[in-house]
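Counting starts at 1 for both ligands and their atoms, in listed order. Keep in mind the model is a prediction, meaning the values are calculated, not measured. All values below come from the heavy atoms of this structure, side chains included, with hydrogens, waters and symmetry mates left out.
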Amino acid sequence: MDMPIEAASDAAVLSPPAPAQETGGVDAPAHVAIIMDGNGRWAERRGLPRAEGHRRGVEALRRTVRAAIELNLRYLTVYSFSSENWRRPAAEVFQLMNLLRLFFRSDLADLQRNNVRVRFIGAREDLASDIRSILEEAERRTAGGTGLNLVIAFNYGGRQELVRAARALALDVAAGRLPADAIDQAALDARLDTAGIPDPDLVIRTSGELRVSNFLLWQAAYAEFVFTPVLWPDFDRATLEAAIADFRGRDRRFGGLGGAG
Ligand code: IPE
Ligand code: IPE
Ligand code: MG
């Protein structure tokens with residue numbers, strides 16, 4: 001600052017370009033997606049019924065939404081019921097459906113107050129009609145939310161979503177609305193449940209399992225993954241912040257050569 005101007009410009013010529021950021025890492029993620037796994041094991045380890053693990057899982061979700069708001073995340077996607085979860089015993093499926101009912105009965109007003117916008121991805125047709133109404137009401141009542149975008153993957157499977165998008169493309173081609181050679185990544189992307197939602201930057205899976213289980217197969221093409229042994233009912237702001245810190249230290253290359261330049 002008090003250097004003579006000539007010396008300062010010399011220094012500028014000789015020093016290497018400044019890194020993009022002081023941390024040397026990437027920006028905070030705009031979109032975090034979470035595979036909320038381990039409710040059953042959390043309960044079993046305590047000699048409790050699996051249903052209690054799911055109930056505590058809803059509390060962890062509430063905490064995580066609050067943390068996401070405090071940390072200023074733009075998008076939070078949570079995997080809460082997969083297309084394959086119908087394979088579980090009917091009683092457990094019923095409990096999971098019921099938890100969704102209870103969650104929106106108790107939390108929708110709060111989400112609205114906190115300026116959260118809720119959106120669902122997944123197949124709605126096979127859901128009970130009251131569940132479908134709950135999803136629609138939550139989306140309608142929070143449509144004006146300009147804060148956190150909360151995306152709930154419910155009855156969601158990545159392959160099923162891709163099949164629906166392929167079918168939508170085929171219908172448009174058959175109806176003459178879309179030339180077949182106009183099908184490109186953007187055309188498919190626009191027909192996914194996630195149309196308009198940016199791809200996740202960071203996907204977190206709890207409970208130590210190292211697989212994607214049919215979650216955001218297309219959208220996570222270049223996501224960074226963080227796997228934590230923490231069981232979902234124990235997940236909290238500190239676990240989320242640790243995953244984000246891990247993410248920020250990564251070198252996202254997107255097929256290029258990366259680095260500071
Ligand atoms: C995640 O916990 C909740 C859902 C998949 C609906 P799990 O129920 O899968 O718990 P674990 O994996 O059996 O411990
Ligand atoms: C993935 O967890 C689905 C959700 C978290 C909703 P699962 O527990 O169903 O996955 P798998 O069966 O262990 O792969
Ligand atoms: Mg599981």
Side-chain angles (χ1 to χ4, degrees), residues 31-65 67-68 75-104 106-107 118-128 131-132 134-135 138 150-164 192-194 197 200 202-220 223 225-236 239-240 243:
H31 184 172
V32 175
I34 308 182
I35 302 175
M36 309 185 291
D37 199 11
N39 294 350
R41 276 162 286 169
W42 184 94
E44 281 153 18
R45 279 176 202 173
R46 287 166 177 74
L48 298 168
R50 290 177 59 86
E52 182 58 18
H54 294 314
R55 210 184 55 74
R56 296 292 288 262
V58 174
E59 287 172 22
L61 173 60
R62 221 170 255 138
R63 268 199 307 275
T64 305
V65 169
Y75 289 86
L76 174 69
T77 296
V78 291
Y79 201 8
S80 51
F81 191 87
S82 78
S83 308
E84 287 71 32
N85 285 147
W86 295 103
R87 295 178 184 156
R88 297 189 180 197
E92 180 161 343
V93 170
F94 180 79
Q95 286 152 7
L96 291 166
M97 294 291 153
N98 231 6
L99 279 176
L100 182 94
R101 292 185 178 98
L102 294 174
F103 177 71
F104 280 102
S106 57
D107 287 54
V118 178
R119 232 172 110 166
F120 290 91
I121 56 172
R124 302 188 187 205
E125 314 80 66
D126 346 315
L127 294 169
I131 298 269
R132 284 207 307 267
I134 290 169
L135 307 191
L150 175 62
V151 181
I152 301 184
F154 196 81
N155 193 24
Y156 176 85
R159 287 185 164 186
Q160 290 83 347
E161 178 192 37
L162 282 162
V163 167
R164 284 197 300 279
L192 294 172
D193 300 349
T194 50
I197 297 172
L202 167 62
V203 175
I204 301 170
R205 182 167 189 152
T206 59
S207 89
E209 303 296 351
L210 307 179
R211 51 180 174 266
V212 288
S213 300
N214 209 9
F215 188 47
L216 301 178
L217 297 180
W218 167 278
Q219 298 87 341
F225 282 79
V226 168
F227 296 97
T228 167
V230 169
L231 299 174
W232 177 250
D234 292 327
F235 196 88
D236 60 8
T239 335
L240 177 61

Checklist line | Close side-chain approach of Ile34 and Trp232, heavy atoms under 4.5 Å | finding: yes
Smallest heavy-atom separation, Leu202 atom then Ala243 atom, equals CD2-O, 4.0 Å
Looking only at heavy atoms, the pair that brings Arg119 and Thr194 closest together is NH2-C, 4.0 Å
List below, pair by pair, the N or O atoms of ligand 2 and of the protein that are less than 3.5 Å apart, including the distance to 0.1 Å; reply 'none' if no pair qualifies.
residue, atom, partner, partner atom, Å
ligand 2, 8 (O), Asp37, OD1, 3.2
ligand 2, 8 (O), Arg88, NH2, 3.2
ligand 2, 9 (O), Asn85, ND2, 2.9
ligand 2, 9 (O), Arg88, NH2, 3.4
ligand 2, 10 (O), Arg205, NH2, 3.3
ligand 2, 13 (O), Arg211, NH2, 2.8
ligand 2, 14 (O), Arg211, NE, 2.8
ligand 2, 14 (O), Ser213, OG, 2.6

Closest non-hydrogen contact found for Arg41 with Ser207 is NH2-OG, 2.9 Å
- request: Given side chain to side chain contact (heavy atoms under 4.5 Å, CB included), test Asn155 with Asn85 step by step and report yes or no.
  value: CA-CA 8 Å; Asn155 193 24; Asn85 285 147; over 6 Å; no
For Glu52, the side-chain hydrogen bond (donor to acceptor under 3.5 Å, both in side chains) test, sequence neighbours excluded, returns Arg55
Nearest heavy-atom approach of Gly40 to Arg50 is CA-NH1, 3.4 Å
Sorted by chain and number, sequence neighbours left out, ring-ring contact (aromatic ring centres under 6.0 Å, His included) with Phe81 holds for Trp86, Phe154
- Kindly confirm or rule out an N or O of Arg50 lying under 3.5 angstrom from an N or O of ligand 1. yes
With Val151 as partner, the option from Ile121, Leu76, Asp193 fulfilling side-chain contact (heavy atoms from CB on, under 4.5 Å) is Ile121
Shell check on the Mg ion (ligand 3): protein N, O or S atoms less than 2.8 Å away are Asp37 OD1
Heavy atoms of Ser80 and Ile152 approach each other most closely as OG-CG2, 3.3 Å
